[in-house]
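What you are looking at is a predicted structure, and each value in this text was computed from that prediction instead of being measured. One-based numbering along the sequence shown.
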Amino acid sequence: MKANNATLAHVWDKNEYYRSKLEEAGFTEPKIESLEQLASVPLLKKDVIRGDKQKVLCVDPKEIGQVHLTSGTSGKPIYTSYTLADQYIYDILPKYLEIFKESGEDVAAIALPYEFALPGLGFQRLFQFAFRTAVLSLGKGGYMAPVDKSLELMKEYQATVLATTPSYAALLVEESEKYGIKIGDDIRLKKIWLTGEGCSSTFRDRLEKWWGCEVSFFYGSTECGGVSVECSEHKGYHVMEGHVKVEIIDPVSEKPLPYGKTGEIIVTTLLREGMPMVRYRTVDIGYLQKARCVCGNTMDVLQLRGRKENMCN
């Protein structure tokens, strides 16, 4: 509640677009009395910010420390600006130690895109600055990041953690045989974090068999950063409540839905000063459950069900 009101106060004071929308909705001050009142805050749609790097910017451009933009969308990109504090303080403060077991004893290989989008640098900052984990910045294929060099680096530095996409995790296994590198012998991982693509539980099981380690899913976006993450029970994604507030709405009526009802996932970023996303429409589909996880984590559980355009009418 306090973080939500702090976010509303920040965008009210620092951004003309957010303030005008709040005033149009009847707000005379940037404050809600209960989380149920969050539904009265206007939704932020992708088309509003697509191609506009200033629309929801809440700091002087001189304070921007990093810019990312979305990939994989048609038309104009969505720009996301981070201040240095966003990158190295606010993104690192909540550590979720019940879920992330990485430490300074680990070596994490980041096989995700470093160009434009957030995933590569986001995971690198998480491991380096939250857990003091050594990082191998592999990238995800291409001229400057060939698969053979990535595998060799993982072997030489004895990588214990891999962050990548499901398809690239499979590709690394397939290519390892060609280069004479034995998974489980030359490279002995204890954890893989998957993100960036859809992946069935069946394919996850296959990857666990190939790599001989636990494989968990991480859900996030360039616009909102980390949103939710699996624990070792693999029964849904625990919402990263230190970073975001997640709601589910009916995509047509835009009314909030209760626990257990499937709808569009709405994300409000917390602790973000550069470019906060307030009630951002992700167009992803899922539902929330109260945490009853044996891992002991009390954060709500998000179940993902695809994207809105794939829903049947």
Phe131 and Asp106: side chain to side chain contact (heavy atoms under 4.5 Å, CB included), yes or no, with the steps? CA-CA 9 Å; Phe131 306 111; Asp106 288 303; over 6 Å; no
Side chain to side chain contact (heavy atoms under 4.5 Å, CB included) between Leu288 and Leu257, intermediate numbers included: CA-CA 9 Å; Leu288 284 172; Leu257 294 174; over 6 Å; no
Derivation of the side chain to side chain contact (heavy atoms under 4.5 Å, CB included) call for Leu69 and Ile78:
CA-CA 5 Å; Leu69 58 86; Ile78 294 175; over 6 Å; no
Worked check of side chain to side chain contact (heavy atoms under 4.5 Å, CB included) between His234 and Glu208: CA-CA 13 Å; His234 298 164; Glu208 288 188 331; 3.5 Å; yes
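Relative orientation of the Tyr88 and Phe129 rings is perpendicular, given thresholds of 30° and 60° on the angle between their planes.
Leu207 places a side-chain heavy atom less than 4.5 Å from the side chain of Leu194. The side-chain heavy atoms of Arg281 and Leu44, taken from C-beta on, include no pair separated by under 4.5 Å. In this structure, Met240 and Val227 have side chains that are not in contact, with every pair of non-hydrogen atoms separated by 4.5 Å or more. Between Lys261 and Ile248 the shortest side-chain heavy-atom distance does not fall below 4.5 Å. Contact annotation: the side chain of Leu112 never approaches that of Tyr168 to less than 4.5 Å [non-hydrogen atoms, C-beta and beyond]. Taking the side chain as every heavy atom from C-beta outward, Thr133 and Val161 never approach each other to under 4.5 Å. The side-chain heavy atoms of Ser228 and Leu304, taken from C-beta on, include no pair separated by under 4.5 Å. Leu162 places a side-chain heavy atom less than 4.5 Å from the side chain of Leu172.
Transitive grouping of hydrophobic side chains (ILVMFWY, heavy atoms separated by less than 4.5 Å) keeps Ile89 and Leu84 in distinct clusters. Linking Ile, Leu, Val, Met, Phe, Trp and Tyr whenever their side-chain heavy atoms come within less than 4.5 Å puts Leu171 and Ile181 in one cluster. Put simply, Trp12 and Met275 are part of the same group of oily side chains (I, L, V, M, F, W, Y) that touch within less than 4.5 Å, one to the next. Residue Met299 is not grouped with residue Val294 when hydrophobic side chains (ILVMFWY) are merged at heavy-atom distances under 4.5 angstrom, including chains of intermediate members. Under a hydrophobic clustering in which Ile, Leu, Val, Met, Phe, Trp and Tyr are joined whenever their side-chain heavy atoms come within less than 4.5 Å, directly or via other members, Val244 and Leu8 fall into different clusters.
Of the inter-residue distances, the one linking Glu115 atom CD with Met144 atom CE reads 10.5 Å to the nearest 0.5 angstrom. To the nearest 0.5 Å, atom OG1 of residue Thr282 and atom CE of residue Met277 are 12.5 Å apart. Leu126 CG to Leu121 CG: the interatomic distance, rounded to the nearest 0.5 Å, is 12.5 Å. With values rounded to the nearest 0.5 angstrom, Arg292 atom CZ is found 13.0 Å from Thr298 atom OG1. With values rounded to the nearest 0.5 angstrom, Tyr179 atom OH is found 8.0 Å from Leu151 atom CG. Within the model, atoms OG of Ser176 and CG of Asp148 stand 12.0 Å from one another, a figure rounded to the nearest 0.5 Å.
Because its NZ or CZ atom is both nearer than 6.0 Å to the ring centre of Phe217 and within 45° of the ring axis, Arg204 counts as a cation-pi partner of that residue.
In this structure, the side chain of Tyr79 does not engage the main chain of Thr70 through any donor-acceptor pair within 3.5 Å. Although no hydrogens or angles enter the test, the distance criterion places a donor-acceptor pair under 3.5 Å between the side chain of Lys101 and the main chain of Glu98. A donor-acceptor distance shorter than 3.5 angstrom exists from the side chain of Trp211 to the backbone of Ala169, with no hydrogens or angles considered. Using a distance-only test at 3.5 Å, with no hydrogens or angles considered, no donor-acceptor pair links the side chain of Asp284 to the main chain of Ile265. Checked by atom type and distance alone, the side chain of Tyr96 pairs as donor or acceptor with a backbone atom of Gly242 at under 3.5 Å. A donor-acceptor contact shorter than 3.5 Å links the side chain of Gln303 to the backbone of Lys235. Thr164 contributes a side-chain N or O that, together with a main-chain N or O of Ala111, makes up a donor-acceptor pair within less than 3.5 Å. Remark: the backbone N or O of Val41 is paired with a side-chain donor or acceptor of Arg279 at under 3.5 angstrom. Listed for the Asp60 side chain is no donor-acceptor partner under 3.5 Å among the backbone atoms of Glu63. For the pair Gln158 (side chain) and Lys155 (backbone), a donor-acceptor distance under 3.5 Å is present.
For the residue pair Trp193/Glu214, the side-chain donor-acceptor check at 3.5 Å is not satisfied. A side-chain N or O of Glu197 and one of Ser167 form a donor-acceptor pair less than 3.5 Å apart. In this model, a donor atom of one side chain and an acceptor atom of the other lie less than 3.5 Å apart for Tyr280 and Lys46. With 3.5 Å as the limit, one finds no donor-acceptor pair spanning the side chains of Glu230 and Tyr219. For Thr83 and Asp86, the side-chain atoms include at least one donor-acceptor pair closer than 3.5 Å. With no hydrogens or angles considered, a side-chain donor-acceptor pair links Gln124 and Ser137 at under 3.5 Å.
When ring centroids are compared, Tyr237 and Phe218 stay outside the 6.0 Å threshold. Tyr82 and His68 have their aromatic ring centers within a separation under 6.0 angstrom.
The heavy-atom pair separating His243 from Gly226 by the smallest distance is CB-O, 4.2 Å. Between Ile32 and Met1, the closest heavy-atom pair is O-CE, 3.0 Å. Taking all atoms of both residues into account, the shortest heavy-atom contact from Ala163 to Phe127 is CB-CE1, 4.3 Å. Shown here for Lys55 and Ile49, the closest heavy-atom pair between the two residues is CG-CG2, 4.1 Å. Across all non-hydrogen atoms, the minimal contact from Ala25 to Ser40 is CB-O, 3.9 Å. Listed here is the closest heavy atom pair of Glu273 and Val59: O-CG1, 3.4 Å.
Comment: Arg19 does not engage Glu16 in a salt bridge, judged by the lack of any side-chain N to carboxylate O separation of less than 4.0 angstrom. At a threshold of 4.0 Å, the pair Lys191-Glu102 does not count as salt-bridged, since none of the basic side-chain nitrogens sits closer than that to a carboxylate oxygen. The existence of a salt bridge linking Glu152 and Lys149 is excluded, since no basic side-chain nitrogen approaches an acidic carboxylate oxygen closer than 4.0 Å.
For the side chain to side chain contact (heavy atoms under 4.5 Å, CB included) criterion with Lys245, the lone passing option out of Asp300, Thr269, Ile266, Leu35 is Leu35.
Within 6.0 Å of OH on Tyr259 lie more than 12 heavy atoms contributed by other residues, nucleotides or ligands. A 6.0 Å sphere centred on CD of Glu24 holds more than 12 heavy atoms belonging to other residues, nucleotides or ligands.
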